[in-house]
Amino acid sequence: MQLPAVVRADPTLHTAGRTVELYVVGARGEADVWTFRFVGSEDARTPMGNVAAGKWVREPRKPRDTSVEIWLAPSLGHLPARARLSSGSDSETLELLLQRSTHP
């Protein structure tokens, strides 16, 4: 939830190549600075249909590091409409999809 808050606070971050650095504690208890890069506007495919969003990525920096793709929807206050996380090339992927929204 840190990334949506930062992006909502600074709309100039919606420029290709801009980055946001966040201190994150991972699933294995390790703490590190993650860098998210804005790659551009891209619809997020969800069970609600396509949602206009900005796509952010976090590239892995070492083996078994977490790769992240997240689509933040401005119409939902920059909350995630879709997120995909994976660790390593042979791991399973966790995908989160917006099911419904009560956002005005």
Side-chain angles (χ1 to χ4, degrees):
M1 296 315 292
Q2 291 172 286
L3 183 60
V6 170
V7 172
R8 186 173 45 242
D10 186 357
T12 66
L13 292 172
H14 282 274
T15 305
R18 291 291 306 265
T19 61
V20 172
E21 291 184 349
L22 301 171
Y23 196 69
V24 175
V25 177
R28 295 176 201 90
E30 75 285 2
D32 199 0
V33 174
W34 285 18
T35 301
F36 291 88
R37 180 176 45 86
F38 182 72
V39 295
S41 296
E42 183 178 305
D43 285 353
R45 293 182 319 270
T46 74
M48 290 180 31
N50 287 345
V51 177
K55 183 178 179 182
W56 292 80
V57 297
R58 191 253 178 180
E59 303 289 344
R61 298 185 309 168
K62 53 192 171 203
R64 300 194 47 82
D65 211 359
T66 303
S67 172
V68 179
E69 295 174 281
I70 187 166
W71 290 260
L72 301 181
S75 65
L76 302 172
H78 296 282
L79 292 174
R82 181 178 182 191
R84 187 177 2 208
L85 294 86
S86 60
S87 296
S89 60
D90 61 347
S91 70
E92 292 187 23
T93 298
L94 170 66
E95 187 160 24
L96 305 170
L97 296 170
L98 178 68
Q99 298 294 314
R100 60 185 158 83
S101 172
T102 59
H103 195 275

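- For the pair Arg8 (side chain) and Gly77 (backbone), a donor-acceptor distance under 3.5 Å is present.
- Looking only at side-chain heavy atoms (C-beta outward), Val20 and Thr35 stay at 4.5 Å or farther from each other.
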**Asked** Between Thr46 and Asn50, does a side-chain contact (heavy atoms from CB on, under 4.5 Å) hold up when you go through it step by step?
**Response** CA-CA 6 Å; Thr46 74; Asn50 287 345; over 6 Å; no
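- One finds no salt bridge joining Glu69 and Arg82 here, because no Lys/Arg side-chain nitrogen approaches an Asp/Glu carboxylate oxygen to under 4.0 Å.
- Nearest heavy-atom pair across Arg18 and Thr12 is NH1-O, 3.3 Å.
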**Message:** For Arg45 and Val51: C-alpha separation, side-chain torsions, deciding distance, then whether side-chain contact (heavy atoms from CB on, under 4.5 Å) applies.
**Reply:** CA-CA 7 Å; Arg45 293 182 319 270; Val51 177; over 6 Å; no
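- Residues Leu97 and Pro47 form a side-chain contact, since some pair of their non-hydrogen atoms from C-beta on lies under 4.5 Å apart.
- Under the 30°/60° scheme for interplanar angles, the aromatic rings of His14 and Trp56 are found to stand perpendicular.
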**Request:** Could you give me the CA-CA distance, side-chain angles and deciding distance for Leu98 and Leu76, then say whether side-chain contact (heavy atoms from CB on, under 4.5 Å) is met?
**Result:** CA-CA 11 Å; Leu98 178 68; Leu76 302 172; 3.5 Å; yes
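- Judged purely by distance below 3.5 Å, without hydrogens or angles, the side chains of Trp71 and Glu42 pair a donor atom with an acceptor atom.
- When all heavy atoms of Arg61 and Val33 are compared, the closest pair comes out as NH2-O, 3.7 Å.
- In this structure, the side chains of Ser87 and Ser67 stay at 4.5 Å or more apart for every pair of heavy atoms.
- From Asp32, atom CG reaches atom CG of Leu22 across 11.5 Å, with rounding to the nearest 0.5 Å.
- Residues Ala73 and Ala81 come closest through the heavy atom pair CB-CB, 4.3 Å.
- In this structure, Thr93 and Leu85 have side chains that are not in contact, with every pair of non-hydrogen atoms separated by 4.5 Å or more.
- Note that the NE2 atom of His78 and the CE atom of Met1 stand 12.0 Å from one another [nearest 0.5 Å].
- Taking both residues in full, the closest heavy atoms of Phe38 and Gly54 are given as CE1-CA, 3.5 Å, listed atom of the first, atom of the second, then distance.
- Within the 3.5 Å criterion, the main-chain N or O of Thr66 finds a donor-acceptor partner in the side chain of Arg58.
- Linking Ile, Leu, Val, Met, Phe, Trp and Tyr whenever their side-chain heavy atoms come within less than 4.5 Å leaves Val68 and Leu79 in two separate clusters.
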